[in-house]
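Structure first, commentary second.
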Amino acid sequence: MVPNPVAPLRADVVYMFDKFGRNIDYLRISVTDRCNLRCEYCMPETGVEDIGHENILGFEDIERVVRAAVSLGFRKFRLTGGEPLVRRGIVSLVERIAAVRGADAPVMTSNGLLLSRMAADLKAAGLRRVNISLDSLRAERYRRITRGGVLADALAGIRAAEAAGLFPIRLNVVTLRGFNDDEISDFARLTLEHPWDVRFIELMPVGEGSAGFGLAYVSGREIETVLDGFVPVPAKAGVTEVAKYRKYPGAPGRVGFISPLSGHFCGDCNKLRLTADGRLKTCLHSNREVDLRPALRAKDETPLVALLRAAVLSKEERHRINEGEAPVRRGMSRIGG
Ligand code: SAM
Ligand code: SF4
């Protein structure tokens, strides 16, 4: 495995490397498992038991985890869920993380439905940018895949994010065979008109929801054959990106491919995940979890820092989903995709 590229090391910066030479500096934080949508591939329609208010990490605990992670060299923090914007007080959490010395301004992944009323406050609180999930540009299809979502609300959210200066706008499109694969060109054409990154994601066998779609994911390479006339966009030196980007010549935006199944980007993986109930996951596709809650009950940060360090050092070399490894028990909405 080739370790992820790191910009020249600086003497005044702390770095945390795992056993495989990867610089782990990114924590995705799921702030809630609740969601205002029920995307078919992500959550079952009914019968989803939520984690329960009493088991969800409070903002103070999340901030403690962020501070402990920063002391080990983490810099990037992404708020996700479930839908992060349904967590009460989310703007104040953004503010708390943005104020942590040594942390980059936080970013977020959202379905965008609540952004039209929250984007300006999130920006003012210190959010840097937002990735918005959008699987169809057709209202009826969008309603179907999200089980009730209103496309116009998501589009209004994108406009509000742009107006608030949450740049660059990134749209995440999970490509579903026989459902939205005929919209690939429509999505890619958005990059001719807008300075957006439109990213096609391979459907992963995570959670119960994805099972109905089978494993016939649409690969990044397959999508590239639908779209011609692209030029590759070289990765920036020292920047770890799971997406590989292409561009139409002269277009303001880029088209990206996130290919966890066909692309094997584990060598570039720089992240851990924190679930809303305080478990660390070292790989999205593994059932192993490290419970941080006992360490969060301690008065000082020593046990928390020790658990985070141990988690980094035990990070799996790669996932084995292509080899039929048992699917992950938690659904995506409960891990924080
Ligand atoms: N609710 C927010 C949203 O939809 O952006 C954040 C959480 S959601 C779990 C994060 C991302 O995971 C979304 O872009 C969603 O499309 C993606 N996702 C969910 N289940 C997936 C799966 N089985 N394979 C690939 N991506 C998935
Ligand atoms: Fe909710 Fe996001 Fe999952 Fe859709 S993908 S159900 S918006 S958590």
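Whatever order the structure lists them in is the order used to number ligands and atoms, beginning at 1. Being a predicted model, the structure only gives us computed values, none of them experimental.
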Using side-chain heavy atoms (C-beta onward) and a distance below 4.5 Å, is L274 in contact with R279?
no
Of C42, S30, G82, A154, the residue with the heavy atom nearest atom 1 (N) of ligand 1 is G82
What about T109: any of its N or O atoms under 3.5 Å from an N or O on ligand 1?
no
Linking Ile, Leu, Val, Met, Phe, Trp and Tyr through side-chain heavy atoms less than 4.5 Å apart, which residues share a cluster with Y245?
V233
Applying a heavy-atom cut-off of 4.0 Å, say which part of V174 lies close to ligand 1: side chain, backbone, both or neither.
side chain
With no hydrogens and no angle check, do the side chains of N111 and N36 hold a donor and an acceptor under 3.5 Å apart?
yes
Can you check ring-ring contact (aromatic ring centres under 6.0 Å, His included) on Y248 and F230, steps first, answer last?
CA-CA 5 Å; Y248 284 121; F230 272 148; 4.5 Å; yes
Could you list the atoms of ligand 1 found under 4.0 angstrom from a heavy atom of Y41?
15 (C), 16 (O), 18 (N), 19 (C), 20 (N), 21 (C), 23 (N), 27 (C)
Ligand 1 versus S110: contacting region, heavy-atom distance under 4.0 Å
backbone
Using a strict 4.0 Å cut-off to heavy atoms of T80, name the atoms of ligand 1 that fall inside it.
6 (C), 7 (C)
Answer yes or no: does an N/O atom from S133 fall short of 3.5 Å to an N/O atom of ligand 1?
yes
Within a distance under 2.8 Å of atom 3 (Fe) of ligand 2, the protein atoms of type N, O or S are C42 SG
Under 3.5 Å between some N or O of ligand 1 and some N or O of N131?
no
Atoms of ligand 1, numbered as shown, that sit under 4.0 Å from any heavy atom of E202:
25 (C)
R64 with E60: basic N within carboxylate O range, under 4.0 Å:
no
Looking only at side chains, do Y142 and R144 share a donor and an acceptor under 3.5 Å apart?
no
Residue of the set D182, D186, D181, D135 for which salt bridge (charged side-chain N to carboxylate O under 4.0 Å, His left out) holds with R141:
D182
Around atom CD of E140, are there more than 12 heavy atoms from other residues, nucleotides or ligands closer than 6.0 Å?
yes
Check whether any side-chain heavy atom of S110 lies under 4.5 Å from a side-chain heavy atom of E83, and answer yes or no.
yes
Where ligand 1 meets N111 - atom numbers and elements under 4.0 angstrom, heavy-atom basis
2 (C), 3 (C), 5 (O)
Pairs flagged by side-chain hydrogen bond (donor to acceptor under 3.5 Å, both in side chains) wherever residues 113-129 is involved - sequence neighbours left out:
none
Please table the atom pairs, donor to acceptor, closer than 3.5 Å between any side-chain atom in residues 147-156 and protein atoms at least two apart or in another chain.
from : atom 1 : to  : atom 2 : distance (Å)
R147 : NH1    : R38 : O      : 2.8
R147 : NH1    : M43 : O      : 2.9

From G81, C35, P260 - option closest to atom 8 (S) of ligand 1 by heavy atom
G81
